[in-house]
Protein chains: 2
Amino acid sequence: MKKQNEKSVDKEVKLVKIIGSYVSDHFGELWDKSLNDLIEEAVLGVVESVSENNDFDPKEIEAVYIANMASGIFNNQLHLNAIVSELLEHFPPSIRVEGACASGSLAMIAAQDSLNSGRYKTVMVLGVEKMTDFNSNEATKVLSSASDYSFEYGSTFPALYALLAKAHMHKYGTTREHLSAVSVKNHRHALSNSKAHFKKSFTLKQVSESSMVADPLRLLDCSPVSDGASAVILSTKNSGKLLDANKAGGDNKASSGEIDYKNKPKIIGFGHAQDYLSLAKRKSLTSLSATVKATRNAFKQANINLQACNSLRSTAGTRAEFTAKDIEVAEVHDCFTIAEILAIEDLGFFKKGTGAQATLDGKTTFGGDVVINPSGGLKACGHPVGATGVKQIAYLAELLEKGIKIEGDKLEKIKNFKYALAHNVGGSGATVVVHILEK
Amino acid sequence: MKKQNEKSVDKEVKLVKIIGSYVSDHFGELWDKSLNDLIEEAVLGVVESVSENNDFDPKEIEAVYIANMASGIFNNQLHLNAIVSELLEHFPPSIRVEGACASGSLAMIAAQDSLNSGRYKTVMVLGVEKMTDFNSNEATKVLSSASDYSFEYGSTFPALYALLAKAHMHKYGTTREHLSAVSVKNHRHALSNSKAHFKKSFTLKQVSESSMVADPLRLLDCSPVSDGASAVILSTKNSGKLLDANKAGGDNKASSGEIDYKNKPKIIGFGHAQDYLSLAKRKSLTSLSATVKATRNAFKQANINLQACNSLRSTAGTRAEFTAKDIEVAEVHDCFTIAEILAIEDLGFFKKGTGAQATLDGKTTFGGDVVINPSGGLKACGHPVGATGVKQIAYLAELLEKGIKIEGDKLEKIKNFKYALAHNVGGSGATVVVHILEK
């Protein structure tokens with residue numbers, strides 16, 4: 001790999017830190033909370049997550065990016081940027097971003113652009129969806145507005161993903177049991193996540209015999225209609241601290257009360273790609289090309305950033321290329337069980353056609369090759385659509401900071417991770433965003 | 001004013017150019033066009049606007065920002081970023097932005113951040129709204145989702161702006177005739193705009209006697225429910241051409257076939273501010289504080305940019321502060337006649353309380369102090385809400401490039417402008433964005 005000179009490094013290592021994170025307590029059918037309640041809870045929660053141990057003035061939040069899919073329909077309320085701005089006494093400028101179920105990660109991108117342009121140093125990203133005040137059949141209809149109305153009118157998302165499942169089964173021999181294995185694992189993971197919508201384990205048989213929704217997808221293959229919000233605070237402040245500290249003689253330790261930016265999780269890469277909205281126009285039904293493309297771009301950026309950082313770190317020098325093999329944990333977009341199988345293949349964790357068996361073999365849980373959806377994923381943690389992309393980042397940031405308790409031989413132990421990936425999909429794969437995080 | 005050193009100048013003068021612009025032909029009740037048709041027309045139109053005289057490959061468009069308020073309700077279609085992306089064969093990443101009637105200018109900001117972060121060099125911003133397939137009473141209800149559902153449920157926008165009008169009349173003696181003068185002027189301006197929804201002139205008496213909507217606002221005080229789309233292509237490419245050319249000996253002329261970036265309209269400043277969503281919480285009903293704040297920020301940025309540019313221009317050196325007095329033409333958010341009066345005061349064109357009389361006195365038309373809404377504004381050019389903020393920029397960019405034909409003494413002549421301002425409001429003033437353009 002080519003050597004980076006100091007000037008290019010200086011430009012490249014302007015990494016965005018995740019200095020605060022919050023997931024609403026909890027995702028679920030929250031009939032006692034309104035849309036505005038959920039937004040307020042997330043604003044207060046994420047500010048508290050930074051300020052509890054640090055000197056942090058909420059006025060440092062210079063802008064808010066709010067992600068939501070369909071509050072105009074679910075809650076008769078658009079213009080959510082105004083709703084969130086007035087919760088902070090300095091009324092920061094705010095922008096709402098929508099890209100169906102990928103709204104959250106698209107808001108993350110817009111927020112990072114605002115930081116990387118130099119316009120802001122600290123911003124909030126908040127995702128929210130309040131879905132259950134609506135009749136659930138109607139919710140399915142509302143969600144179908146994320147598909148191609150002119151080509152696919154009448155198709156609900158279970159029906160569209162059922163087509164993808166059928167194609168995968170036909171081409172790779174994926175079975176009913178394989179699909180069930182995704183659901184069983186994600187429900188088991190959710191047992192250790194206090195924020196999860198469902199905290200109940202199921203057997204393969206229970207999933208395989210749950211009621212049919214759209215053949216081959218059954219009830220326990222489908223993520224639920226959930227209410228919830230999530231938020232992160234992103235900052236480029238002291239982003240050069242590691243570098244500056246090296247120059248100043250290695251004093252990297254932050255003073256008491258000061259935010260230790262250096263040790264906050266960092267976003268080292270992201271990718272964003274699109275495909276046809278309608279399945280009818282796609283080249284393949286067994287791979288989401290936008291996932292493949294977004295992943296390539298995210299790793300490309302991560303490699304540039306890691307090289308740039310390493311060339312100034314005394315420890316490193318150059319390193320081998322950073323790939324999916326380096327990722328130890330990922331939150332992927334399992335709106336349906338088949339979606340997780342497609343994702344872990346398209347993300348490069350497993351070869352195409354082998355993701356289903358890998359899941360059944362336990363390779364996607366603790367002790368396996370890569371932990372997929374430790375939160376329980378959309379399936380079991382829940383899927384308040386506008387919140388999901390932000391929740392993935394919030395959950396992973398906390399996981400990188402604090403590790404996760406897992407059951408060992410009689411004793412609980414903490415499992416720590418260095419690199420994590422978030423994968424967020426809009427529609428049936430027309431919009432895909434991949435983020436890569438470093439501890 | 002303090003002298004800029006070369007290094008800071010190099011950083012500051014990274015101006016975004018508007019290299020292409022399109023407004024759908026025309027705004028109106030376009031029953032033969034679907035939402036998708038309008039989007040496609042704007043994509044093709046704006047690409048054509050750049051490529052007709054220049055070498056321009058649409059693949060240079062690295063991303064698309066699409067503004068829309070309520071297609072999820074009006075057209076059963078969310079996820080518009082996917083719709084627009086697939087119209088370009090390279091499927092550029094795309095993000096939808098919503099902020100009620102300020103959606104268009106918020107998308108402009110997100111797009112500029114992506115350019116200024118260095119991630120992209122050329123992007124498209126497209127605004128669209130297809131409203132008239134919906135019952136018009138229902139459209140008013142849909143639009144009310146831009147107000148505070150929890151505080152103002154039941155209030156339509158004519159009712160909210162009627163409150164603002166009453167307050168202005170009470171405090172400053174603004175009259176029925178003053179309001180009518182706004183409408184008369186904007187309808188007259190629209191006569192020379194081929195894209196306008198309404199091309200019909202009215203007398204003061206006709207406006208004052210049109211049917212009552214919400215006292216004191218009458219039918220001809222209100223902008224219409226329109227269909228339409230608009231788009232611009234923004235670029236930072238060759239943004240340093242002016243500077244580079246100076247270094248290279250002053251050869252500023254672009255070769256035939258090449259885009260003459262240097263002579264394209266530039267965005268020299270923008271501001272974005274928020275206020276309470278509900279009128280009930282506001283400090284004042286006779287001024288939109290978000291307009292005042294956004295304007296201050298926009299001029300602040302424009303001053304920095306102009307200083308930075310001037311310090312490298314052989315012609316200039318330093319200059320006096322750039323203010324509203326330097327603006328010769330503006331598109332302002334006249335969703336109701338009272339909104340234009342509030343705007344021209346809050347923007348600093350006229351002292352608070354004098355905007356109404358200034359309008360009646362002809363100070364806001366050709367030959368006056370500042371030409372307000374030469375396109376006809378929202379009132380007469382039309383108000384497809386998601387398109388409006390982008391249309392303001394597209395219209396002004398073309399105006400700065402080509403000037404406007406006005407009637408002189410028997411002969412038509414071209415009026416040229418150097419500085420223009422666009423003012424876009426969401427809701428009743430909770431979100432305001434101000435852009436300042438230079439020829």
Highest number of heavy-atom pairs under 4.5 Å with chain B: which of [options]?
options                : answer
A/A273, A/A110, A/G426 : A/G426
A/N68, A/I73, A/I66    : A/I73
A/C101, A/P93, A/A100  : A/P93
A/G427, A/A146, A/G72  : A/A146

Quiz item: Using a heavy-atom distance cut-off of less than 4.5 Å, which residues of residues 32-40 of chain A contact chain B?
Solution: A/N36
Practice problem: Give a yes or no on whether A/K300 atom NZ has more than 12 heavy-atom contacts from other residues, nucleotides or ligands under 6.0 Å away. | Solution: no
Practice problem: Count the heavy atoms of every other residue, nucleotide or ligand shown that sit under 6.0 Å from NZ of B/K59, and state whether that count exceeds 12. | Solution: no
Self-check item: Contact origin within B/N75 toward chain A - heavy atom pairs under 4.5 Å
Solution: backbone
Quiz item: A/Q77 side chain to B/Y149 main-chain N or O, any donor-acceptor pair under 3.5 Å?
Solution: yes
Quiz item: Quick one: does B/E98's side chain have a donor or acceptor within less than 3.5 Å of a partner on A/V97's backbone?
Solution: no
Quiz prompt | Gap between atom CG of A/L78 and atom OG of B/S145 - 0.5 Å precision | solution = 3.5 Å
Self-check item: From CD1 (B/I109) to OG (A/S117), nearest 0.5 Å
Solution: 11.0 Å
Self-check item: A/S147 versus chain B, the contacting section by heavy-atom distance below 4.5 Å
Solution: backbone
Quiz item: So do B/P92 and A/Q274 actually touch side chain to side chain, heavy atoms under 4.5 Å?
Solution: no
Practice problem: Determine the option with the most heavy-atom pairs under 4.5 angstrom with chain A, choosing from B/L115, B/L106, B/N76. | Solution: B/N76
Quiz item: Between B/A70, B/G99, B/S94, which has the largest tally of heavy atom pairs under 4.5 Å with chain A?
Solution: B/S94
Quiz item: Which pairs pass ring-ring contact (aromatic ring centres under 6.0 Å, His included) with one or both residues in residues 88-121 of chain B, sequence neighbours excluded?
Solution: A/Y276-B/F91
Practice problem: Just grab all the salt bridge (charged side-chain N to carboxylate O under 4.0 Å, His left out) pairs involving residues 104-131 of chain B, residues at least two apart or on different chains. | Solution: A/D113-B/R119, A/R119-B/D113, B/K130-B/D133, B/K130-B/D227
Practice problem: Can you check whether anything in residues 79-88 of chain B gets within less than 4.5 Å of chain A, heavy-atom wise, and list it by number? | Solution: B/H79, B/L80, B/N81, B/A82, B/I83, B/S85, B/E86
